Amino acid sequence: MTKTESPSPPSAAEASESGSHFIREIIENDLRNDTCGGRVATRFPPEPNGYLHIGHAKAICLNFGLAEDFGGACNLRFDDTNPETEDVEYVESIKEDVRWLGFDWGDREYYASDYFDKLYALAERLIQAGHAYVDSQDEAAIRATRGTVTEPGQESPFRNRSPEENLDLFRRMKRGEYADGEHVLRARGDMASPNMKMRDPLLYRIRHARHYRSGDAWRIYPMYDFAHPLSDALEGVTHSLCTLEFDNNRELYDWLVDRCAEAPRPRQYEFARLNLDYTVMSKRKLRRLVEEKHVTGWNDPRMPTLAGLRRRGVPPEAIRAFCAEIGVAKADNRIGPDLLDYAIRNDLNFKAPRVLCVLRPLKVTLVNYPPDREEELDAPFWPHDVPREGSRKVPFGRELYIDRNDFREDPPKNYYRLAPGREVRLRHACVIRCEEVVRNAAGEAVELRCAYDPETRGGKAPAGRKVRGVIHWVSARRAIPVEARLYDRLFRAADPERGEEDWADALNPDSLIALQNALVEPSVAGDPAAQRYQFEREGYFWRDPEDSTPERMVFNRIAPLRDTWAKIEGRAKGAGRETTDGAEAIRKVPGNKSSSSASPTLAERIENLSGRERAHFSVNVESGVSSDMAIGLAQKPEAHDYFHEALADYAPAPDDAARANALANWILNELPWDKIAREKGDLPLSPKALSALVKLVDEDIISARTGKDVLAEMLATGKSAEAIVHEKGWKQMTDPEALRAAIDEALAAFPDKAAACRSGKKGLVGFFMGQVMQRTGGAAKPELVRKMLEEQLAV
RNA sequence: UGCCCUGUAGCUCAAUUGGCAGAGCACCUGACUCUGGAUCAGGGGGUUCCAGGUUCGAAUCCUGGCAGGGCAGCCA
């Protein structure tokens with residue numbers, strides 16, 4: 001028999017684990033352009049002050065996955081720069097979790113605390129270069145002078161100390177001559193920067209505290225913003241991936257790397273962290289759940305920690321598949337628990353042998369079965385559609401147990417399990433009919449007296465006999481009593497962190513249901529502790545690694561099975577079983593996407609112009625451009641000047657409104673102002689050169705589309721429009737004969753699409769436009785092509 | 001109210017960089033079945049946040065708005 005788990009399910013193993021996303025694209029680009037030293041080095045940088053959770057798994061899969069995909073390596077680096085919160089306990093748990101997920105950091109296990117000497121030396125260099133200073137203001141003063149998000153800060157009175165004095169003070173800080181908080185080392189940034197992170201950020205603080213690794217060697221400790229980028233540089237990391245909230249820190253990251261590291265330098269990229277519905281993910285909140293005993297510990301099976309998921313029985317492969325499934329992007333996201341369940345089931349379906357376990361027993365006596373008789377039925381471990389072999393013997397006798405849920409006194413419509421007078425099949429056994437219900441004083445069913453049909457044993461069904469329901473069961477005499485723990489979402493609200501009312505109030509009181517009287521078939525008795533099963537029709541289970549003993553087995557439900565009956569029934573009752581009440585509503589609130597607030601009218605926009613802009617606006621209107629564009633030009637002084645220079649050059653008809661508009665269009669819409677501003681550069685194109693280009697378009701020498709290509713070429717090479725058009729032979733094609741040929745060619749190449757288009761799929765005209773433009777190297781006159789295409793395709 | 005990031009199907013993401021708006025999950029229907037599981041086949045779902053503009057053609061470019069998130073720890 002093959003009961004052991006196979007390494008990977010066929011479906012999940014194929015897909016590239018880290019998917020395709022913007023970071024992968026960046027890396028591919030860097031490799032192509034050789035901007036990262038021809039290699040890829042990443043790192044996973046946890047702070048050892050808490051347990052890893054499934055959100056970290058996303059980061060781990062990303063960093064290790066990318067490194068592996070590109071033949072690079074991923075370091076495990078502990079970002080341990082805060083002695084007051086960190087501990088080896090966490091280091092150990094983190095290492096265990098990463099290993100468990102299946103990643104190997106080889107000998108690249110690093111600690112920021114191991115870099116303290118090097119970091120200190122870099123700090124001294126920064127001081128000597130005048131880039132950092134010792135500030136002796138107290139904490140409150142520093143906070144008060146930092147300004148706010150809308151107001152600039154003020155410079156510290158200590159900001160202009162000499163490098164010598166700074167160095168002396170810093171060294172004395174290091175020697176421990178000062179108390180906590182007396183001085184700090186700050187970067188000389190810009191107290192007026194719109195980015196708060198650049199307002200002379202703190203680099204070092206005094207902390208008379210014992211560090212779990214460096215002991216009492218240091219009295220000063222670097223801040224994250226200092227240690228992190230420089231640790232990356234020290235390790236030769238090329239791509240430093242972190243979550244979105246560090247976006248603002250990137251400017252500082254670059255500032256430090258620019259001053260302290262050589263090429264190839266690391267670069268930081270940010271992605272959105274994972275948010276899971278019905279749970280919390282921040283370390284502080286998780287810690288609170290533990291400390292207030294809402295859960296039994298960091299590894300409580302309900303926790304989203306990797307330790308919790310592991311204890312629940314979730315296979316690491318399922319978590320990796322889940323991470324691949326959710327992707328990597330920059331948009332905030334919330335993921336429903338169904339996706340994780342899906343990943344777990346998908347994995348376990350191929351790994352977990354099926355056995356029978358009755359969760360809520362209800363006695364069944366087979367009245368026509370001999371009291372002393374007992375037999376062993378052969379039952380395969382795997383369903384027909386899982387290509388694995390193996391079976392076990394299941395004891396069968398006169399007295400059995402079935403699940404209470406599989407019997408209804410008063411069955412609803414479409415219920416096809418057991419009910420008075422009804423038949424079901426016992427899985428792997430035979431068909432029984434419920435003849436009599438025995439009740440206790442309260443009127444509850446305590447036993448069903450049933451008749452079994454010997455003709456139906458071993459899966460045989462006498463001709464014409466159709467029994468829809470199949471239920472699971474165990475032998476009363478031979479089944480093993482066990483505890484089964486059913487886990488559900490920890491919170492009732494989809495996003496418990498949202499809203500100010502105490503999130504602990506949203507806890508789900510039924511997140512753990514411990515069934516003390518469950519009964520499992522005896523075949524599981526000798527199995528290894530890590531064996532996972534599917535309890536048929538119930539879900540995936542394994543032994544709780546903490547509480548299960550051979551004498552008293554305790555099973556955790558890893559994930560339930562999909563339950564379409566529950567869905568049908570829930571629908572019939574109107575309300576679902578669970579927590580959909582307020583949860584769905586809460587989920588929807590933030591979305592409120594459509595907002596149809598009107599944008600300002602033209603008049604209002606003109607009204608809002610400053611005096612100077614208004615003057616420009618008038619000039620523009622006079623030169624013939626539309627009000628809309630006149631405003632646009634007026635609001636962008638560079639563009640305004642550029643326009644008028646170009647227009648002057650575009651004579652001989654300066655009063656020609658069409659020409660002025662064309663020019664304004666090009667200047668406003670096509671010139672890369674954004675990029676110019678970003679790179680603080682000049683436009684590498686004279687107004688005269690542009691007006692020459694516009695002239696070519698106006699005179700129909702080239703199409704507008706080609707014009708854009710020409711513009712790109714001009715910006716790249718600095719050549720004139722005429723030269724480029726001449727060189728590339730980009731003159732516009734207007735000859736109907738030639739166009740006809742290109743169109744026919746395109747239509748012939750995609751006959752099915754042409755047919756689809758003729759029969760009404762209008763969108764395909766665009767497709768054929770693209771084809772023709774491609775075939776003519778972009779030279780065809782588009783208006784003409786479209787007209788001809790539309791005629792030909794009769795749309 | 002300053003700066004930054006982000007808005008594509010119910011959810012998570014694509015869309016070869018301006019040329020047919022797609023996939024997985026979820027949902028619905030059917031088939032199969034000794035698991036109401038799995039599998040298979042099919043289906044519904046879209047104002048690509050909004051409004052303008054450029055273009056033969058815009059999810060993609062431009063302008064203006066709206067919404068959500070982040071930033072004012074001597075945390076990371």
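We name chains A, B, ... by the order of the sequence lines, and we start the count at 1 in each one. What you see is a predicted model, and the numbers here were worked out from it, not measured in a lab. Keep in mind that the numbers below use all heavy atoms, side chains included, and drop hydrogens, waters and symmetry copies.
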Step by step, work out the side-chain hydrogen bond (donor to acceptor under 3.5 Å, both in side chains) result for A:S240 and A:R43. CA-CA 7 Å; A:S240 182; A:R43 99 272 92 110; 3.1 Å; yes

Say we look at B:G37 and B:C25: how far apart would their P atoms be, to the nearest angstrom? 15 Å

Give me the distance, rounded to whole Å, that separates B:A23 from B:G18 when you measure between the P atoms they each carry. 24 Å

With rounding to whole Å, what would you report as the distance between B:G65 and B:A26 at their C1' atoms? 34 Å

In whole angstroms, how far is the C1' atom of B:G68 from the CG atom of A:D495? 12 Å

Regarding B:G24, can its base be found pairing with the side chain of A:Y342 as donor and acceptor, where the two atoms are less than 3.5 Å apart? no

Output field: ring centroids A:Y533/A:F541 closer than 6.0 Å: no

At under 4.0 Å between heavy atoms, what does A:L668 touch on the DNA or RNA strands: base, sugar-phosphate, or nothing? sugar-phosphate

Ring-plane angle category for A:Y224 and A:F246, please: parallel below 30°, perpendicular beyond 60°, tilted otherwise. tilted

Mind checking the P distance from B:U1 to B:A9? Whole angstroms is fine. 31 Å

Think A:K567 has a side-chain N or O under 4.0 angstrom from the OP1 or OP2 of B:A26? no

Quantified in whole Å, what is the C1' atom distance between nucleotide B:G45 and nucleotide B:U8? 14 Å

Taking pairing as Watson-Crick or G-U wobble with both contacts under 3.5 Å, can you name the mate of B:U17, or confirm there isn't one? none

Could you measure between the two C1' atoms, the one in B:C27 and the one in B:C34, and give it in whole Å? 28 Å

Hey, what do you get for OH (A:Y540) to CG (A:D347), rounding to the nearest 0.5 Å? 9.5 Å

Quick check on B:G36: is either OP1 or OP2 less than 4.0 Å from any side-chain nitrogen or oxygen of A:N414? no

A:D138: what forms a salt bridge (charged side-chain N to carboxylate O under 4.0 Å, His left out) with it, not counting sequence neighbours? none

Is the positively charged end of A:R207 above the ring of A:Y221, judged by distance under 6.0 angstrom from the centroid and angle within 45° of the axis? no

Ranking A:D338 and A:G632 by the position along RNA chain B of their nearest nucleotide, the one closer to 5' is A:D338

Which letters describe nucleotides 70-76 of chain B, given B = protein heavy atom under 4.0 Å from base, S = only from sugar-phosphate, - = neither? BBBSBSB

Assigned glycosidic conformation for B:U17 [threshold 90° from 0]: syn

Is there, by distance only and without an angle test, a donor paired with an acceptor across the side chain of A:R425 and the base of B:U35 below 3.5 Å? no

All salt bridge (charged side-chain N to carboxylate O under 4.0 Å, His left out) counterparts of A:R199, not counting sequence neighbours: none

Work out how far the P atom of B:G42 is from that of B:A58, and round it to whole angstrom. 33 Å

With distance as the sole criterion, do the side chain of A:R417 and the base of B:G36 form a donor-acceptor contact below 3.5 Å? yes

Between atom CZ in A:R571 and atom C1' in B:C27, what is the gap in whole Å? 9 Å

Under a 3.5 Å cut-off for both distances, is B:G45 Watson-Crick or wobble paired, and to whom? none

The residue, A:F750 or A:A272, whose nearest nucleotide of RNA chain B is more 5′ is A:A272

With sequence neighbours excluded, what pairs up with A:D79 under the salt bridge (charged side-chain N to carboxylate O under 4.0 Å, His left out) test? none

Under 30°, 30 to 60°, or over 60°: which ring-plane class applies to A:Y111 and A:F78, parallel, tilted or perpendicular? parallel

Distance-only donor-acceptor test (3.5 Å): side chain A:E538, base B:U35: no

A:Y269/A:F22 aromatic ring centres below 6.0 Å: no

Residues in salt bridge (charged side-chain N to carboxylate O under 4.0 Å, His left out) contact with A:R354, at least two apart in sequence or another chain: none

Separation of atom CG in A:N333 from atom P in B:A9, rounded to whole Å: 14 Å

A:R562 side-chain N/O to B:A38 phosphate OP1/OP2 under 4.0 Å: yes

Taking O4'-C1'-N9-C4 for purines and O4'-C1'-N1-C2 for pyrimidines, is B:G7 syn (within 90° of 0) or anti? anti

Strictly under 3.5 Å: I want the nitrogen or oxygen pairs between protein and nucleotides 14-18 of chain B, one per line.
from	atom 1	to	atom 2	distance (Å)
B:U17	O4	A:E25	OE2	2.8
B:G18	O6	A:K708	NZ	2.6

Taking atom P in both B:G46 and B:U55, what distance in whole Å separates the two? 31 Å

Taking pairing as Watson-Crick or G-U wobble with both contacts under 3.5 Å, can you name the mate of B:A67, or confirm there isn't one? B:U6

